[in-house]
Undergrad: 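I have a structure I would like to understand better, so I am pasting it below and will then ask my questions one at a time.
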Amino acid sequence: MNKKIETAVGNNIRTLRENKNITQEILAAKLQVNGCDITRSAVAKIEVGQRHLYPDEIILIKRILGVTYDEIFDIKGETF
């Protein structure tokens with residue numbers, strides 16, 4: 001895994017979540033309702049690149065936040 005990519009994607013998710021005025025707690029609850037076994041703490045770790053994202057989580061985060069995959073994975077300007 002590339003730590004810089006994980007951190008950049010996590011930062012994007014945090015920004016997108018905050019832009020929708022959704023807390024980490026609410027995002028975690030919505031993920032749980034949709035079948036992801038995840039805690040607020042895990043969401044926090046994802047947002048700072050300390051926890052790997054699973055494909056089902058990415059799909060649900062996209063749907064819950066109403067964003068595109070391009071917005072989640074936008075890493076322009078980053079050097080890896």
Undergrad: So, the side chain of Gln32 versus the backbone of Ile38: is there a donor-acceptor pair under 3.5 Å, distance only?
TA: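 Such a contact is found between Gln32 side chain and Ile38 backbone.
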
Undergrad: Taking side chain as C-beta onward, heavy atoms only, is Ile59 less than 4.5 Å from Tyr69?
TA: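 The answer is yes; the side chains approach within 4.5 Å.
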
Undergrad: List the steps and the verdict of side chain to side chain contact (heavy atoms under 4.5 Å, CB included) for Glu71 and Thr68.
TA: CA-CA 5 Å; Glu71 290 174 289; Thr68 65; 3.2 Å; yes

Undergrad: Where do Leu65 and Lys20 come nearest, in terms of heavy atoms and distance?
TA: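 Here Leu65 and Lys20 meet closest at O-CE, 2.9 Å.
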
Undergrad: Can you tell me if Asp74 uses its side chain to pair, donor with acceptor, with the backbone of Lys76 under 3.5 Å?
TA: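 Yes, Asp74 side chain to Lys76 backbone: donor-acceptor pair under 3.5 Å.
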
Undergrad: When you compare the side chain of Ile58 with that of Phe73, does any pair of heavy atoms fall below 4.5 Å?
TA: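 Result yes, sub-4.5 Å side-chain heavy-atom pair found.
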
Undergrad: Measuring from atom CD1 of Ile61 to atom NZ of Lys30, what distance do you get when rounded to the nearest 0.5 angstrom?
TA: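 Separation between the atoms: 13.0 Å.
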
Undergrad: Looking at Leu27 and Ile22, what are the two nearest heavy atoms and their distance?
TA: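 Nearest heavy atoms, Leu27 then Ile22: N-CG2, 3.8 Å.
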
Undergrad: Closest approach of Cys36 and Glu57, non-hydrogen atoms and distance?
TA: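 So the two residues come closest at SG-CG, 3.9 Å.
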
Undergrad: If I take atom CZ from residue Arg17 and atom CG from residue Asn12, how far apart are they, to the nearest 0.5 angstrom?
TA: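 With rounding to 0.5 Å, CZ (Arg17) is 13.0 Å from CG (Asn12).
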
Undergrad: Restricting to non-hydrogen atoms, name the atom on Asn11 and the atom on Arg14 that form the minimum distance, rounded to 0.1 Å.
TA: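 In terms of heavy atoms, the two residues are closest at OD1-NH1, 2.9 Å.
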
Undergrad: Restricting to non-hydrogen atoms, name the atom on Leu53 and the atom on Ile13 that form the minimum distance, rounded to 0.1 Å.
TA: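 Scanning both residues, the minimum pair turns out to be CD1-CD1, 3.5 Å.
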
Undergrad: Look at the side chain of Glu47 and the backbone N and O of Ala44, then say whether any donor-acceptor pair between them is shorter than 3.5 Å.
TA: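 Judged by distance alone, no pair lies under 3.5 Å.
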
Undergrad: Under 3.5 Å, side chain of Arg51 to main-chain N/O of Lys45, donor-acceptor pair present?
TA: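 Not at all, since once roles are kept as given, no pair shorter than 3.5 Å links the two residues.
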
Undergrad: Test your reading of the model: is there a side-chain donor-acceptor pair from Lys3 to the backbone of Gly49, 3.5 Å cut-off?
TA: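 Looks like yes, one N/O pair under 3.5 Å.
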
